[in-house]
Amino acid sequence: MRVFICGIEGYLGWSLACHLVARGHQLGGLDMGHRAQWVNEMGSQSAIPIEPIKSRLAALEDRYKMPVGFYPCDMRDGRRLADVLQDFMPEAVVHLAEQPSAPFSMIDRQHAYLTQEINTLGSLNLLWAMRQVDRSMHLVKLGTMGEYGTPDCPIPEGVFPVDSQWVDQSFDGQIESSHYLDGMQFPRDPGSLYHASKVHDTTNAVLLSRTWGLRITDVMQGVVYGTRIDAMGDDPKLATRFDFDEAFGTAINRFCAQATIGAPITPYGAGTQQRGFLPLCDSMQCLTLLLERPAGPGEYRVVNQWDQCYSITELAALIADVSGMAVQHITNPRKEKEQHSYDVSRQRLPELGYVPTDDPRGQIAAILGDLEPHADRIEAHRRVITPTITWDK
């Protein structure tokens, strides 16, 4: 299959490139190096050293004897984007080229605007480019579980399931009428301007898949963690990035970075927030299943992609247990529910053949092992782990 990755230099993009080339797929991709620039703006760097993209691509070709087409392209340039797709003519496009940080989107007006511009308008340009070049392309778009928020009810996969009803009751509790909600989009409730941009993406994707007959799979992904996949081997040139700053480091990344330099592990607030997580290798497995079993023409397909659910306190305790470090709660800089239910459906990926790795402790140990040789890189930037960005200044 000919697959094109938007955001090929990023954490997920590079890992997917290695995974797909190892499976024999023909690959192309675009990037402008924004992720590294943003992390640098935060005063940080990848804990694991990353080679320039030309060196990484050369190492990948040398290992698998499969060249990868690379296109420097900003997705806000719609004409250039359409030309790139026309040149490569992929059967599938994986869209990972967005600003992925909630804290970054909340820094100030400029960062909020940049997030909305890159994410919403870049994604809209991609949909128009697919319409122009070839509507049969299958788009696998990375959404986020954060689009749903934390409602006090079960969360389905994108739409209300069959036989869901809205029930009207009278003052005395008698049912006056009921209405079926089958197939309607489940309400979104974003918790940051980043998450709001992803909701805008969803709205556009739903509309244009129906209007233009586009094939779209929207992946509502949980938090991905890990430092490597088998396809990378032991070649440092094939390593993917590991960010640990307050904006681009996930909770797992920050906690593992703190443990690596002997600092206390610092969950935000009470740490009772519930989130879904999955290892990097499982994310690659899931994305590949979706690519190799595409959505149909005009189908907007949603999958909830996660494996295990933890509270942030449980996650911190797991990393503390593996590393031997202490846990120290700090003030939560975000505005979010700390007590909430988290009943999330995740049926479609298992039905497609997803088999979870189911080894969180082993995965954490592997992360800590990969970070230990680079402890000096984390130590040199340890101040960026402590949160300074707040939702309400």
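Position 1 is the first residue of the sequence, and the numbers go up from there.
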Polar contact flag, side-chain donor to acceptor under 3.5 angstrom, [X]-[Y]:
X: E98; Y: S123; answer: yes
X: D189; Y: Y148; answer: no
X: T115; Y: Q99; answer: yes
X: E147; Y: T202; answer: yes
X: Q274; Y: T150; answer: no
X: H111; Y: S105; answer: no

Check the pair D87 / Y71 against side-chain hydrogen bond (donor to acceptor under 3.5 Å, both in side chains), numbers first and verdict last.
CA-CA 10 Å; D87 183 72; Y71 301 81; 2.5 Å; yes

Point-to-point distance, once rounded to the nearest 0.5 Å, from [atom1] of [X] to [atom2] of [Y]:
X: Q45; Y: F244; atom1: CD; atom2: CZ; answer: 6.0 Å
X: L291; Y: C286; atom1: CG; atom2: SG; answer: 11.5 Å
X: C256; Y: I319; atom1: SG; atom2: CD1; answer: 4.0 Å
X: L57; Y: E51; atom1: CG; atom2: CD; answer: 11.5 Å
X: M232; Y: L238; atom1: CE; atom2: CG; answer: 7.5 Å

Hey, quick one: are [X] and [Y] part of the same hydrophobic cluster, counting side-chain heavy atoms closer than 4.5 Å, chains of contacts allowed?
X: L12; Y: V93; answer: no
X: M1; Y: L60; answer: yes
X: L121; Y: M75; answer: no
X: M89; Y: L81; answer: yes
X: F104; Y: I385; answer: no

Treating [X] as the side-chain partner and [Y] as the backbone partner, does any N or O pair qualify as donor plus acceptor under 3.5 Å?
X: K141; Y: V94; answer: no
X: S341; Y: D343; answer: no
X: E246; Y: F248; answer: no
X: S101; Y: A247; answer: yes
X: S15; Y: Y11; answer: yes
X: Q363; Y: G226; answer: no
X: T313; Y: G271; answer: yes
X: R348; Y: V302; answer: yes
X: H329; Y: G269; answer: yes
X: S197; Y: Y194; answer: yes

Please verify the inter-ring angle class for W128 with W212; under 30° counts as parallel, over 60° as perpendicular, anything in between as tilted.
perpendicular

Over 60° means perpendicular and under 30° means parallel, so classify the ring planes of Y342 and H340, tilted if in between.
perpendicular

If you count every heavy atom of other residues, nucleotides or ligands that lies below 6.0 Å from [X] atom [atom1], does the total exceed 12?
X: K335; atom1: NZ; value: no
X: D230; atom1: CG; value: no
X: R76; atom1: CZ; value: yes
X: D108; atom1: CG; value: yes

Any ion pair linking [Y] and [X] (charged N to carboxylate O, less than 4.0 Å)?
X: R228; Y: D370; result: yes
X: R346; Y: D307; result: yes
X: E336; Y: R275; result: yes
X: D243; Y: R35; result: yes
X: D134; Y: R131; result: no
X: D218; Y: R301; result: no

Tested for side-chain contact (heavy atoms from CB on, under 4.5 Å) against L287, the lone hit among V3, I5, L16 is L16

ring-ring contact (aromatic ring centres under 6.0 Å, His included) assessment of W306 paired with F277:
CA-CA 5 Å; W306 60 280; F277 298 86; 9.3 Å; no

Would T203 and H200 satisfy side-chain hydrogen bond (donor to acceptor under 3.5 Å, both in side chains), going step by step from the backbone distance to the final call?
CA-CA 5 Å; T203 300; H200 297 329; 5.6 Å; no

side-chain hydrogen bond (donor to acceptor under 3.5 Å, both in side chains) for S283 and Q221? Distances and angles first, verdict last.
CA-CA 9 Å; S283 176; Q221 181 170 261; 3.1 Å; yes

I want to check a possible cation-pi pair here: R2 against F88, using under 6.0 Å from ring centre and within 45° of the ring axis as the test.
yes

Can you confirm if the NZ or CZ of R241 lies within 45° of the ring axis of W14 and under 6.0 Å from the centre of its six-membered ring?
no

Report the C-alpha distance between Q258 and T266 in whole Å, list the side-chain angles of each, state the deciding distance to 0.1 Å, and finish with yes or no for side-chain hydrogen bond (donor to acceptor under 3.5 Å, both in side chains).
CA-CA 8 Å; Q258 289 172 320; T266 56; 2.8 Å; yes

